[in-house]
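Accompanying notes for the structure given below.
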Amino acid sequence: MFNLLNVLFAFIIVGILLIIARVIKQKIRLFQTLYIPESIIAGAIALLLGTGALGAIAVSLGASPDSYIAEGLFPEEMREVWSQAPGVFINIVFAALFLGEHIPNPKEIWRKTAPQVAFGQSIAWGQYVIGILVTLLVLTPLFGINPIAGALIEIGFEGGHGTAGGMADTLTELGFAEGGDLALGLATVGIVSGIIFGTVLAHWGRKKGYIQSEPVEVEGGDAQFQETAPTEPSSVLAKRSRLMRNFLIDPLSLNFGFTGLAIAIGWIILQIFTLIEAATWGRNGLELIGAVPLFPMALIGGIIIQVIMKRLDLDVLVIRRLQERIAGVALDLLVVTALASINLAVLGANIGVFLTLAIVGIIWNVLAFMYLAPRILPVYWFERGIGDMGQSMGVTATGILLIRMVDPENRTGAFESFAYKQLFFEPIVGGGLFTAAAPALIDRFGPVSILLLTTGLLIFWLVFGIINCKRTNQKLQEERAAAELQTTAVR
């Protein structure tokens with residue numbers, strides 16, 4: 001057990017580790033080149049100074065297992081706080097995801113971003129297909145690993161550190177305790193390989209003539225959540241000032257209140273689903289909702305609040321820049337504490353499983369970009385596709401970073417398409433409802449059933465994407481031909 005003072009000091013140490021990580025990143029050029037977030041460096045430091053690394057080395061050198069150094073530099077109470085933190089802070093990250101965002105008409109967004117949605121969904125469902133296949137054919141027969149491992153590529157790569165850390169408790173409840181450590185390891189491999197392969201592919205695309213713009217030096221942010229909110233017009237600032245005239249509350253506190261309300265709504269939704277399950281299919285012993293974590297519901301809660309505030313004409317009170325800062329702090333704390341809590345002994349004992357999943361995941365993502373993106377994305381396939389590839393191997397910020405590398409002036413509209421795609425993407429995969437439910441579905445229905453389901457979804461999005469691409473190209477050709485005829489007639 002721990003008290004509030006232990007919690008305070010646990011996060012004070014996290015803050016100090018983040019400062020140290022910033023200094024280290026400034027001194028080591030490699031970390032800057034790879035755009036490694038400070039949160040990952042800080043988490044790695046905490047991991048190396050904990051029981052799994054420093055403590056294990058001390059014991060192997062003759063230190064008593066009961067000595068202080070055998071537990072590393074951090075006391076048990078602090079480690080206890082850190083181990084519970086990821087499952088808490090992931091709710092804040094997802095609750096803030098759409099708060100303060102303009103949510104246009106879904107039909108209009110779909111028309112503009114359908115190819116991007118098809119490509120992103122294809123990568124995500126392909127991660128399930130390839131993961132479950134390699135688990136069924138190789139990992140379970142050779143290593144005896146739990147079939148739930150088939151979902152780890154999507155959880156670690158597409159979901160990133162936040163989802164991997166937040167899913168650890170769910171995986172433990174399903175009897176796959178090592179899954180959390182494996183997912184976090186995959187998330188780390190994903191974010192590093194995403195930058196490395198993205199940079200290599202950018203050079204390849206430029207040589208092949210797929211990219212017209214010149215290369216540009218891109219500055220990495222100090223967190224995985226990069227600020228993307230546009231500058232607000234003076235009319236919005238004036239309206240907000242008028243509404244907050246009599247508020248004796250800091251705008252940051254008010255916006256944190258909106259984040260908390262989104263989580264509360266998500267909790268209510270989860271409870272309603274639990275009651276529905278208990279009254280219907282749960283009577284026959286089919287229990288799924290109990291294994292679904294809170295964070296995907298918190299995302300839905302955030303969308304609900306944003307829509308309600310818009311209807312009440314109070315949406316200016318939800319400030320996107322502050323929501324990004326709230327989510328950024330939560331994500332940094334989540335990543336540091338999740339990495340610090342990795343059990344290196346478990347990771348080492350499953351090194352074959354870990355390397356296999358990492359390698360097949362990277363191969364799928366790279367090949368999907370090279371061979372599927374040109375056939376699904378009708379225009380500017382390279383600039384628009386590389387963002388999805390980056391996101392599918394790390395986090396959203398990785399995708400944004402790669403888009404800025406190949407299209408720094410946003411001439412192709414890749415950033416807008418990438419951003420709007422999240423409305424049709426995040427609620428389902430990449431940490432959404434299916435990501436949260438996948439381990440429970442595999443555990444309840446078996447990997448073969450989920451393999452058939454995800455294969456069907458992959459085929460659907462591939463067929464839709466290819467057909468949609470052909471239709472769009474045909475329409476563009478007709479528009480160009482009509483424009484040329486009109487120009488000729490004018491002459």
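The structure displayed is predicted, hence computed values, not measured ones. All values below come from the heavy atoms of this structure, side chains included, with hydrogens, waters and symmetry mates left out.
- Looking only at distances, no side-chain donor or acceptor of D388 sits under 3.5 Å from a matching main-chain atom of V117.
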Determine whether V329 and L333 satisfy the following criterion, side chain to side chain contact (heavy atoms under 4.5 Å, CB included), listing intermediate values before the conclusion. CA-CA 6 Å; V329 171; L333 293 173; 4.0 Å; yes
* Given side chain to side chain contact (heavy atoms under 4.5 Å, CB included), test L48 with L54 step by step and report yes or no. => CA-CA 6 Å; L48 294 175; L54 180 62; over 6 Å; no
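- Taking OG1 from T454 and CD1 from I132, the interatomic distance works out to 4.5 Å, rounded to the nearest 0.5 Å.
- In this structure the side chain of L152 reaches within 4.5 angstrom of the side chain of F176, judged on heavy atoms.
- The shortest distance between side-chain heavy atoms of F157 and I362 falls below 4.5 Å.
- Taking every heavy atom of both residues into account, Q116 and R384 meet most closely at NE2-O, 2.6 Å.
- Between P447 and T135, the closest side-chain pair of non-hydrogen atoms is not below 4.5 Å.
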task = Would you check, one step at a time, whether the test side chain to side chain contact (heavy atoms under 4.5 Å, CB included) holds for F354 with L186?
result = CA-CA 7 Å; F354 174 72; L186 288 171; 4.0 Å; yes
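- Between T140 and I145, the closest side-chain pair of non-hydrogen atoms falls below 4.5 Å.
- Atom CE of M297 is separated from atom CG of N91 by 11.5 Å, given to the nearest 0.5 angstrom.
- For the atom pair OG1 (T337) and CG (D332), the distance works out to 10.5 Å, reported to the nearest 0.5 Å.
- Of all the heavy atoms in A262 and L99, the pair that sits closest is CB-CD1, 4.4 Å.
- No more than 12 heavy atoms of other residues, nucleotides or ligands sit less than 6.0 Å from atom CZ of F273.
- Across all their heavy atoms, F258 and M309 have their closest contact at CZ-CE, 3.7 Å.
- Looking only at side-chain heavy atoms (C-beta outward), N146 and I442 stay at 4.5 Å or farther from each other.
- Across all their heavy atoms, L18 and S39 have their closest contact at CD2-CA, 3.7 Å.
- The heavy-atom pair separating F11 from A85 by the smallest distance is CZ-CB, 4.0 Å.
- Contact detail for I263 and A95: the closest heavy-atom pair is CG1-CB, 3.7 Å.
- Taking a 6.0 Å sphere around CD of Q26, one finds it holds more than 12 heavy atoms contributed by other residues, nucleotides or ligands.
- Between Y128 and F434, the angle of the ring planes goes over 60°, which puts this pair in the perpendicular group of the 30/60° scheme.
- Listed for the Q306 side chain is a donor-acceptor partner under 3.5 Å among the backbone atoms of E101.
- A distance of 5.0 Å separates CG in L133 from CG in L451, rounded to the nearest 0.5 Å.
- Here CD1 of I45 is found 12.0 Å from CD1 of I16. Values are rounded to the nearest 0.5 Å.
- A 4.5 Å side-chain heavy-atom check between L357 and L139 finds at least one atom pair inside the cut-off.
- With rounding to the nearest 0.5 Å, the separation of CG in N350 from OG1 in T356 is 11.0 Å.
- Here the side chains of E158 and I123 are in contact, with some heavy-atom distance below 4.5 Å.
- A donor-acceptor pair shorter than 3.5 Å can be found between the side chains of Q127 and N365.
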Next item on the list: For L294 and I90, run side chain to side chain contact (heavy atoms under 4.5 Å, CB included): C-alpha distance rounded to whole Å, both residues' side-chain angles, the deciding distance at 0.1 Å, then the answer.
Entry: CA-CA 9 Å; L294 175 58; I90 185 64; over 6 Å; no
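- Put simply, the side chain of Q323 gets close to the backbone of N255: a donor and an acceptor are under 3.5 Å apart.
- The side-chain heavy atoms of V429 and W125, taken from C-beta on, include a pair separated by under 4.5 Å.
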